[in-house]
Amino acid sequence: MDRSQKADLVAELKSVFSETSVVVITRNLGLTVAQSTDLRLKMRDAGAQFKVAKNKLAVIALEGTRYGPIGEMLTGPTALATSIDPVAAAKVAVEFAKTNAKLEIVGGAMGDTLLDVAGVMALAALPSLDQLRAKLIGLIQAPATKIARTINEPGAQLARVFGAYAAKEAA
């Protein structure tokens, strides 16, 4: 990798760090190419990225960003999982680490908050942004639905009574 390629990689990582909501640092302890590809596909499906980068280049890219303090965690064979959704990268990384002992969660950061392994596990246990939106919409719609049902019910009861009298007279 020559100097210009390194500069491009640092610039790319810096833009990723400026756009992301969460960074999860993992340690690769001998993942095969197939396992790594599977993890990348799962990350992509969840709206996250999984990138292996040289630690020195990642530390240079972290300088001047809000994720600067996680540079201390970048030792050994590490990889970065990032996502705009604060839960997606953590959720996929933790699920994959449960089924594959060759991937270890080191820690991470969400905004200015540093996360240890337990913090990343707790973050992974939270519902995703889409799930929270769905719950919120359901909570907002529920009162309106109940009001509409309450308003329509007396008219429906009256219609049933008239229908019963009409059937009684016809018989």
Side-chain angles (χ1 to χ4, degrees), residues 1-140:
M1 186 179 269
D2 66 353
R3 194 181 257 316
S4 65
Q5 290 174 326
K6 289 179 182 178
D8 291 343
L9 181 61
V10 168
E12 180 186 341
L13 284 173
K14 195 173 268 299
S15 72
V16 167
F17 291 138
S18 66
E19 296 170 358
T20 190
S21 296
V22 67
V23 176
V24 177
I25 300 173
T26 61
R27 185 161 290 129
N28 177 356
L29 302 173
L31 284 175
T32 65
V33 173
Q35 292 168 332
S36 181
T37 302
D38 183 39
L39 177 57
R40 288 175 201 271
L41 289 174
K42 288 179 181 179
M43 286 280 183
R44 190 175 305 136
D45 290 343
Q49 291 181 340
F50 185 76
K51 185 176 282 283
V52 176
K54 290 189 175 218
N55 291 340
K56 286 187 180 187
L57 296 178
V59 168
I60 292 170
L62 285 168
E63 290 175 6
T65 66
R66 58 187 174 168
Y67 296 108
I70 65 172
E72 300 169 1
M73 296 181 197
L74 295 173
T75 57
T78 58
L80 305 168
T82 60
S83 68
I84 294 173
D85 180 354
V87 180
K91 194 175 284 277
V92 174
V94 168
E95 288 299 318
F96 193 83
K98 285 180 184 177
T99 60
N100 195 327
K102 294 180 181 178
L103 185 76
E104 176 187 347
I105 307 293
V106 176
M110 186 172 77
D112 297 331
T113 307
L114 280 176
L115 301 172
D116 58 353
V117 177
V120 173
M121 298 283 190
L123 186 61
L126 294 174
S128 71
L129 195 55
D130 289 337
Q131 290 171 336
L132 287 175
R133 287 179 181 151
K135 283 184 181 180
L136 186 61
I137 288 172
L139 289 172
I140 290 171

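For clarity, every value in this text was computed on a predicted model and none was experimentally measured. Because only heavy atoms are used, hydrogens play no part in the values below, and waters and symmetry mates are left out as well, while side chains stay in.
No side-chain donor-acceptor contact under 3.5 Å links T78 to the backbone of T75. Formation of a donor-acceptor pair under 3.5 Å by the K14 side chain with backbone atoms of E63 is found in this model. A distance-only check finds a donor-acceptor pair linking the side chain of N55 to the backbone of G76 [under 3.5 Å].
A heavy-atom distance below 4.5 Å is found between the side chains of V52 and R40. The shortest distance between side-chain heavy atoms of T82 and Y67 does not fall below 4.5 Å. You'll find the side chain of V92 stays beyond 4.5 Å of the side chain of F50, heavy atoms only. For the pair L74/L80, a side-chain contact is recorded, criterion being any heavy-atom separation below 4.5 Å from C-beta on. At least one side-chain heavy atom of T37 sits under 4.5 Å from a side-chain heavy atom of V33. Between K91 and L126, every side-chain heavy-atom pair lies at or beyond the 4.5 Å cut-off. By the 4.5 Å heavy-atom criterion applied to side chains, V10 and L13 are not counted as neighbours. Counting heavy atoms from C-beta on, the side chains of Q49 and T20 never come closer than 4.5 Å.
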Evaluation steps, side chain to side chain contact (heavy atoms under 4.5 Å, CB included), between L9 and K6: CA-CA 5 Å; L9 181 61; K6 289 179 182 178; 5.7 Å; no
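Pairing each heavy atom of A46 with each of A88, the nearest pair is O-CB, 3.5 Å. A pairwise comparison of heavy atoms in V87 and P127 identifies CG2-O, 3.7 Å as the closest pair. The nearest pair of heavy atoms linking A89 to S83 is N-OG, 3.3 Å. Taking every heavy atom of both residues into account, A109 and I70 meet most closely at CB-CG2, 3.5 Å. In terms of heavy-atom proximity, V22 sits nearest to P86 at CG1-O, 3.6 Å.
Distance check, rounded to the nearest 0.5 Å: CG of L62 to CG of L57 gives 11.0 Å. Rounding to the nearest 0.5 Å gives a distance of 8.0 Å between CG of L31 and OG1 of T26. Distance CG/L123 to CG/L115: 6.0 Å, rounded to 0.5 Å. Distance check, rounded to the nearest 0.5 Å: CE of M43 to CG of D38 gives 11.0 Å. Note that OG1 of T113 and CZ of R66 are 9.5 Å apart. Values are rounded to the nearest 0.5 Å.
The 12-atom threshold is not exceeded at NZ of K54, counting heavy atoms of other residues, nucleotides or ligands nearer than 6.0 Å. Other residues, nucleotides and ligands contribute only 12 or fewer heavy atoms inside 6.0 Å of the CD atom of E72. Around CG of L41, the count of heavy atoms belonging to other residues, nucleotides or ligands within 6.0 Å exceeds 12. For CE of M73, the number of neighbouring non-hydrogen atoms (other residues, nucleotides, ligands) closer than 6.0 Å is greater than 12.
Ion pairing between a basic and an acidic side chain is recognised when a charged N comes within 4.0 Å of a carboxylate O; E95 and K42 show no such pairing.
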